[in-house]
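See structure below.
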Amino acid sequence: MNSISIIVRILRQFRRDKRSLALMFAAPLLVLTLMWLVLDSGDYVPEIAAVDLPDRFVEILENEAEVMSLDRHEAEDALKNQEIDAVLEWEENKPALTLEGSDPTASGAVNMALQQTLNQMNPQQEQMEPEIHYYHGSEEIKLFDNIGPVLIGFFIFFFVFIVGGVSFIRERTQGTLERSLATPLKRWEIVIGYLGGFGLFTIIQSIIIAAYSIYALDVFMAGNFLYVLLVTFLLALSALSLGTLLSAFAKNEFQMIQFIPLVIVPQVFFSGMFNLETLDPWLRAIGNIMPLTYGAEALRDIMIRGSAFGSFAVEVFVLFGFTLLFTLLNIVALKRHRKL
């Protein structure tokens with residue numbers, strides 16, 4: 001066998017493996033398109049609530065930001081619900097700014113808009129120094145603190161997805177799954193058994209990653225660590241159930257890896273690692289069908305905003321719903337191997 005014969009054999013293999021061939025050309029285009037949509041979407045325009053500000057000040061500020069006039073109670077509610085980036089009011093003849101504070105990009109845009117407004121108000125005079133408060137976090141929050149919760153969720157989701165999917169494929173290729181299917185066990189019992197076995201390792205992994213990020217890397221943490229473990233565990237279970245589901249449609253480990261650009265990479269862009277407020281609403285809506293979106297938002301609520309369970313309960317229930325859906329689909333997928 002010479003080099004030419006090896007080349008011919010590999011080309012024949014790719015010709016038979018249409019999935020790999022399509023992935024080589026389609027996946028890079030998909031990733032590049034997502035990067036273009038997210039990173040080339042324009043400058044962030046902050047949303048600021050104006051409370052009893054001078055008309056002239058509001059008029060200039062509107063050139064730099066989206067401004068809505070609210071009373072103090074309405075402004076506080078909007079800030080609490082993350083509907084706006086800041087509240088700006090006038091106290092003792094100078095502006096007082098309260099930043100939502102959980103997103104350094106938004107906070108920086110608000111500060112820039114305020115400074116430009118002050119420069120236009122008094123171009124030849126000494127600038128008034130605004131009084132700045134933070135509703136969440138503090139001025140110490142850096143970019144890594146903001147994306148840290150997303151990274152924790154991502155790494156847990158990614159590695160559980162890969163390890164779970166590849167391990168389930170090995171169960172098939174080594175004949176272990178077939179032997180289980182030959183027993184009187186029901187499909188749901190087999191699925192629950194596999195998820196339970198792998199799930200024990202996801203608990204350990206969640207604890208290690210979360211604890212290392214918070215206590216070793218000193219990622220900003222304002223909430224309850226047990227809540228972090230709850231969310232990461234549910235996120236890991238959703239990744240595990242999704243990984244085992246997709247592994248039913250892969251013949252080997254290489255085909256399982258092929259799902260990464262299609263399943264994992266899009267979640268990175270739409271889960272909150274990048275600010276998506278400048279995107280069209282229909283593009284932002286893509287994140288609503290991705291488990292990592294809800295896990296990342298819940299982790300931000302806990303770690304940056306110090307929220308109680310009620311604030312992120314919806315995200316917890318959605319993650320549980322994803323896990324339940326993928327588990328049921330796993331049971332159906334086993335019909336590919338045995339009719340019960």
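Given the structure is predicted, the values throughout are model-derived calculations rather than measurements.
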Aromatic ring pairing F154/F158, orientation class (parallel under 30°, perpendicular over 60°, tilted between): parallel
According to the interplanar angle, ranging from 0 to 90°, do the rings of F322 and Y294 count as parallel (below 30°), tilted (30 to 60°) or perpendicular (above 60°)? tilted
Is it the case that one hydrophobic cluster holds both [X] and [Y], taking links as side-chain heavy atoms less than 4.5 Å apart, direct or via other members?
X: F155; Y: I214; value: yes
X: F326; Y: V316; value: yes
X: V268; Y: L151; value: yes
X: I162; Y: F249; value: yes
X: F317; Y: Y227; value: no

Please confirm whether the backbone N or O of [Y] pairs with a side-chain atom of [X], one donor and one acceptor, at under 3.5 Å?
X: E74; Y: R72; value: no
X: S238; Y: L319; value: no
X: D145; Y: F220; value: yes
X: N81; Y: E83; value: no
X: T293; Y: F270; value: yes
X: S247; Y: T244; value: yes
X: D85; Y: I48; value: no

Side-chain touch [X]/[Y], heavy atoms, less than 4.5 angstrom:
X: P95; Y: L118; result: yes
X: L88; Y: L61; result: yes
X: I132; Y: N111; result: yes
X: M303; Y: I152; result: yes
X: F57; Y: L114; result: yes

Take atom [atom1] of [X] as the centre, draw a 6.0 Å sphere, and report whether it contains more than 12 heavy atoms from other residues, nucleotides or ligands.
X: D55; atom1: CG; result: no
X: F309; atom1: CZ; result: yes
X: D52; atom1: CG; result: no
X: F201; atom1: CZ; result: no

Measure across [X] and [Y] and return the closest heavy-atom pair with its distance rounded to 0.1 Å.
X: A333; Y: A248; answer: CB-CB, 4.1 Å
X: S206; Y: L229; answer: O-CD2, 4.1 Å
X: L97; Y: A86; answer: CD1-CB, 3.7 Å
X: S241; Y: N330; answer: O-ND2, 2.8 Å
X: M290; Y: I286; answer: CE-CG2, 3.5 Å
X: E64; Y: V45; answer: O-CG1, 4.5 Å

Derivation and outcome, side chain to side chain contact (heavy atoms under 4.5 Å, CB included), residues V228 and M221: CA-CA 10 Å; V228 172; M221 177 64 174; 3.6 Å; yes
Atom pair [atom1] ([X]) and [atom2] ([Y]), whose distance is rounded to the nearest 0.5 Å:
X: L246; Y: F168; atom1: CG; atom2: CZ; result: 11.5 Å
X: M256; Y: R170; atom1: CE; atom2: CZ; result: 12.5 Å
X: E62; Y: M68; atom1: CD; atom2: CE; result: 11.0 Å
X: F157; Y: Q267; atom1: CZ; atom2: CD; result: 4.5 Å
X: I84; Y: L99; atom1: CD1; atom2: CG; result: 10.5 Å
X: E131; Y: T98; atom1: CD; atom2: OG1; result: 8.5 Å

Can L237 and L195 be said to form a side chain to side chain contact (heavy atoms under 4.5 Å, CB included), step by step? CA-CA 8 Å; L237 281 182; L195 293 181; 5.7 Å; no
Any donor-acceptor pair under 3.5 Å linking the side-chain atoms of S311 with those of D301? no
Under the salt bridge (charged side-chain N to carboxylate O under 4.0 Å, His left out) rule, collect the residues that match up with E315, sequence neighbours excluded. none
Let me see the working for I192 and I331 under side chain to side chain contact (heavy atoms under 4.5 Å, CB included), right down to the final yes or no. CA-CA 9 Å; I192 295 300; I331 296 172; 6.0 Å; no
Kindly determine whether V150 and R300 satisfy side chain to side chain contact (heavy atoms under 4.5 Å, CB included), including the steps that lead there. CA-CA 8 Å; V150 184; R300 271 188 171 147; 3.8 Å; yes
How about F259 and F161: are their ring centroids closer than 6.0 Å? no
Among all residues two or more places apart in sequence or in another chain, which pass the side-chain contact (heavy atoms from CB on, under 4.5 Å) test with S102? E100, I304, R305
With T232, which of I209, I203, I156 fulfils side chain to side chain contact (heavy atoms under 4.5 Å, CB included)? I156
